[in-house]
Amino acid sequence: MVYISCLLQDLPFDPVAAVILILVTFAVYNLNRKTDESEDAINHTERYAFTKEYGSIIFSSAVCAYIIALCLSALQGFGSLLVAVIPLIAGIVYSVPLFPARLGFRRLKEVPFMKSLIVAFSWAVPPALLPICHAGLPMGAATGIVGVFFFFLVFTNTVIFDLRDVKGDAASGVRTIPTILGTRKTLLLLTGVNVSIGAALVFASGALPGSCVALVLAAGIVYAQGYILCFHQLMKEKLLFDLLADGQFIMLAVALYLLTLAVPYPLI
């Protein structure tokens with residue numbers, strides 16, 4: 001995501017931002033394993049067993065990873081530190097039962113739609129902002145387009161994985177979009193969001209310098225629509241499902257990198 005962000009914002013690749021987000025991602029997802037044990041016991045029995053056996057190691061390594069990420073961010077400036085804290089704050093309000101029971105929910109992930117929105121926000125903002133923070137540049141139109149692009153692709157990815165986890169979410173009281181709408185309506189909703197927001201982003205990117213920005217955005221949209229349409233087939237192949245859906249930005253970044261090697265002039 002950092003590589004794509006830098007490419008679309010016409011910035012050199014920022015390895016420090018990439019390292020920070022690798023550490024943050026490792027930390028947040030492993031801390032989240034502890035708070036999601038009730039769902040994982042139903043949806044992912046192998047992962048639940050692994051987490052229970054190595055819980056202390058997972059927790060300690062996650063905390064250490066986030067501390068290192070925050071230290072690296074602090075060295076880059078206060079703005080970088082604030083951005084790096086976003087996934088941690090989002091993860092706490094998302095997974096930890098902080099709210100009184102009289103509200104009808106204890107965690108924000110129990111509020112319909114909030115689960116996907118919070119996850120999308122927390123993973124879209126840092127890769128969009130860290131490169132410009134480290135470069136000492138103000139936010140521009142390209143930053144906004146990158147942020148929205150990441151947001152709706154992560155949103156789509158999150159809902160797709162919720163489709164696979166409907167049984168565990170329903171049993172633990174987590175009301176996700178698929179538990180409310182069902183599989184067919186959820187896939188139709190994702191298609192509508194992907195096509196409408198994707199078309200708007202491609203149109204808006206015409207105002208940016210560089211002839212290939214729209215092409216990069218369109219590639220991400222087509223890729224996401226591909227695994228939406230193939231959801232039922234991918235469900236039968238767990239490893240392929242994880243690779244194509246959760247690894248969407250890795251696949252896109254690799255394709256873009258290979259394209260930059262093949263094309264003798266700058267893409268953006």
Side-chain angles (χ1 to χ4, degrees), residues 1-3 15-74 80-98 106-110 114-127 129-130 150-151 153-155 157-165 167-169 171-174 176 238-251 253:
M1 292 175 79
V2 170
Y3 176 78
V16 177
V19 170
I20 289 171
L21 287 179
I22 286 171
L23 293 169
V24 167
T25 304
F26 173 84
V28 169
Y29 271 97
N30 280 291
L31 290 172
N32 187 243
R33 283 189 176 193
K34 190 66 179 174
T35 59
D36 281 359
E37 286 186 346
S38 58
E39 292 98 320
D40 284 348
I42 299 172
N43 293 324
H44 305 286
T45 53
E46 291 181 3
R47 186 167 72 187
Y48 173 74
F50 183 87
T51 302
K52 292 297 289 184
E53 184 175 357
Y54 300 103
S56 60
I57 297 175
I58 292 172
F59 180 79
S60 299
S61 60
V63 171
C64 289
Y66 218 117
I67 290 173
I68 296 171
L70 293 178
C71 290
L72 287 174
S73 299
S80 177
L81 180 62
L82 286 179
V83 174
V85 170
I86 289 174
L88 177 62
I89 296 174
I92 291 172
V93 298
Y94 168 78
S95 297
V96 179
L98 300 174
R106 298 298 313 280
R107 303 173 295 174
L108 278 184
K109 70 183 295 183
E110 297 170 7
M114 286 301 295
K115 175 181 180 180
S116 300
L117 292 175
I118 290 174
V119 172
F121 175 81
S122 62
W123 294 125
V125 172
L129 292 184
L130 279 182
F150 285 160
F151 180 88
L153 281 185
V154 176
F155 176 85
N157 176 268
T158 304
V159 177
I160 282 287
F161 272 86
D162 285 341
L163 277 169
R164 192 176 69 175
D165 297 341
K167 185 178 178 181
D169 287 338
S172 58
V174 178
T176 62
K238 184 178 178 181
L239 181 60
L240 185 61
F241 184 97
D242 289 341
L243 176 64
L244 294 180
D246 223 13
Q248 60 181 336
F249 293 110
I250 296 174
M251 305 291 283

Check: residues 16-30 side-chain donor-acceptor pairs under 3.5 Å, at least two apart:
unit_1: Thr25; atom_1: OG1; unit_2: Leu21; atom_2: O; d: 2.6
unit_1: Asn30; atom_1: ND2; unit_2: Phe26; atom_2: O; d: 2.7

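- The backbone N or O of Leu153 sits less than 3.5 Å from a side-chain atom of Gln248, completing a donor-acceptor pair.
- Nearest heavy atom pair, residue Ser116 against residue Asp162, reads OG-OD2, 3.7 Å.
- Within 6.0 Å of atom CG in Leu243, more than 12 heavy atoms from other residues, nucleotides or ligands are found, so the atom counts as buried in its surroundings.
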Ignoring hydrogens and angles, write down the donor-acceptor pairs under 3.5 Å from the side chains of residues 58-68, residues two or more places apart or on other chains.
unit_1: Ser60; atom_1: OG; unit_2: Ser56; atom_2: O; d: 2.9
unit_1: Ser61; atom_1: OG; unit_2: Ile57; atom_2: O; d: 2.9
unit_1: Ser61; atom_1: OG; unit_2: Ile58; atom_2: O; d: 3.0
unit_1: Tyr66; atom_1: OH; unit_2: Ala84; atom_2: O; d: 2.6
unit_1: Tyr66; atom_1: OH; unit_2: Leu88; atom_2: N; d: 3.0

Criterion side chain to side chain contact (heavy atoms under 4.5 Å, CB included) on Leu82 and Ile86, from CA distance to verdict: CA-CA 7 Å; Leu82 286 179; Ile86 289 174; over 6 Å; no
Worked verdict on Val125 versus Phe151 for side chain to side chain contact (heavy atoms under 4.5 Å, CB included): CA-CA 8 Å; Val125 172; Phe151 180 88; over 6 Å; no
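- Closest of all the heavy-atom pairs between Trp123 and Met1 is O-CE, 3.1 Å.
- Partners of Ser80 under the side-chain hydrogen bond (donor to acceptor under 3.5 Å, both in side chains) rule, at least two apart in sequence or in another chain, are His134.
- Taking each heavy atom of Leu70 and Leu81 in turn, the nearest pair found is O-CD1, 3.6 Å.
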